[in-house]
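To start, the structure under review is shown below, and the notes come after it.
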Amino acid sequence: MKKNNEAKILQWKFGDKSATITGTDIKITFPFGTDIASLKATATKSTNATISTDPTPAIKYTYPINLTVTAGDGTTTKQYTVTVTVEKK
């Protein structure tokens with residue numbers, strides 16, 4: 001059986017807020033006053049793919065986070081960058 005060679009993030013969410021994914025850039029803007037120093041994310045990814053850095057524990061998103069998605073075949077990878085911003089007052 002052929003293993004999946006797709007290394008994609010299909011959806012990225014913080015709670016009920018979905019980020020915008022454009023190519024390998026994942027971006028979201030929160031309202032003014034939101035604390036982005038400890039956010040937990042959920043990701044929908046290609047079948048059998050894995051993500052490092054794991055988004056499920058709380059991560060400090062005060063600067064862009066680089067992620068590597070590895071496809072189910074264990075060799076195909078793709079780099080993503082998650083950028084979280086907060087609206088200015």
Side-chain angles (χ1 to χ4, degrees):
M1 186 169 137
K2 184 179 177 187
K3 292 190 178 179
N4 188 351
N5 66 351
E6 284 194 347
K8 292 182 181 177
I9 294 176
L10 307 171
Q11 185 178 54
W12 189 272
K13 292 178 85 171
F14 294 99
D16 63 349
K17 291 185 65 76
S18 293
T20 301
I21 301 174
T22 306
T24 59
D25 293 320
I26 301 170
K27 296 183 178 183
I28 190 167
T29 301
F30 283 99
F32 175 78
T34 302
D35 180 8
I36 61 170
S38 184
L39 294 175
K40 292 182 182 182
T42 57
T44 303
K45 56 198 180 327
S46 303
T47 303
N48 297 325
T50 59
I51 301 173
S52 64
T53 305
D54 182 0
T56 55
I59 296 176
K60 185 176 185 176
Y61 284 93
T62 54
Y63 52 89
I65 302 293
N66 295 312
L67 309 168
T68 301
V69 179
T70 303
D73 66 7
T75 57
T76 305
T77 62
K78 189 178 281 188
Q79 301 292 119
Y80 283 82
T81 302
V82 180
T83 306
V84 177
T85 56
V86 176
E87 292 176 335
K88 303 225 184 292
K89 188 173 182 181

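Counting heavy atoms from C-beta on, the side chains of F14 and I36 never come closer than 4.5 Å. Using a 4.5 Å cut-off on side-chain heavy atoms (C-beta onward), T22 and K27 make no contact.
When every heavy atom of P31 is checked against every heavy atom of E87, the shortest pair comes out as CA-OE1, 3.6 Å. Residues P55 and I59 come closest through the heavy atom pair CA-CD1, 3.9 Å. A pairwise comparison of heavy atoms in K88 and F32 identifies C-CD1, 4.0 Å as the closest pair. Minimum heavy-atom separation, A7 to K78: O-CB, 3.4 Å.
Under a hydrophobic clustering in which Ile, Leu, Val, Met, Phe, Trp and Tyr are joined whenever their side-chain heavy atoms come within less than 4.5 Å, directly or via other members, I28 and Y63 fall into the same cluster.
With hydrogens and angles ignored, the 3.5 Å screen pairs a side-chain donor or acceptor of Y80 with a backbone N or O of I9.
For the residue pair T68/S52, the side-chain donor-acceptor check at 3.5 Å is not satisfied.
Atoms CG and CD, on N66 and Q79 in that order, are 7.0 Å from each other to the nearest 0.5 Å. Here the straight-line distance linking atom CD1 of I51 with atom OG of S46 works out to 9.0 Å at 0.5 Å rounding. Rounding to the nearest 0.5 Å places CD1 of I26 at 8.0 Å from OG1 of T81. Here I21 contributes atom CD1 and Q11 contributes atom CD; the two are 7.5 Å apart, rounded to the nearest 0.5 Å.
Atom CG of D25 is surrounded by more than 12 heavy atoms from other residues, nucleotides or ligands within 6.0 Å.
Applying the side-chain contact (heavy atoms from CB on, under 4.5 Å) test between W12 and each of L67, T44, T42, T20 identifies L67 as the sole match. With T85 as reference, T29 is the one residue of T34, T29, T62 to meet the side chain to side chain donor-acceptor pair (under 3.5 Å) rule.
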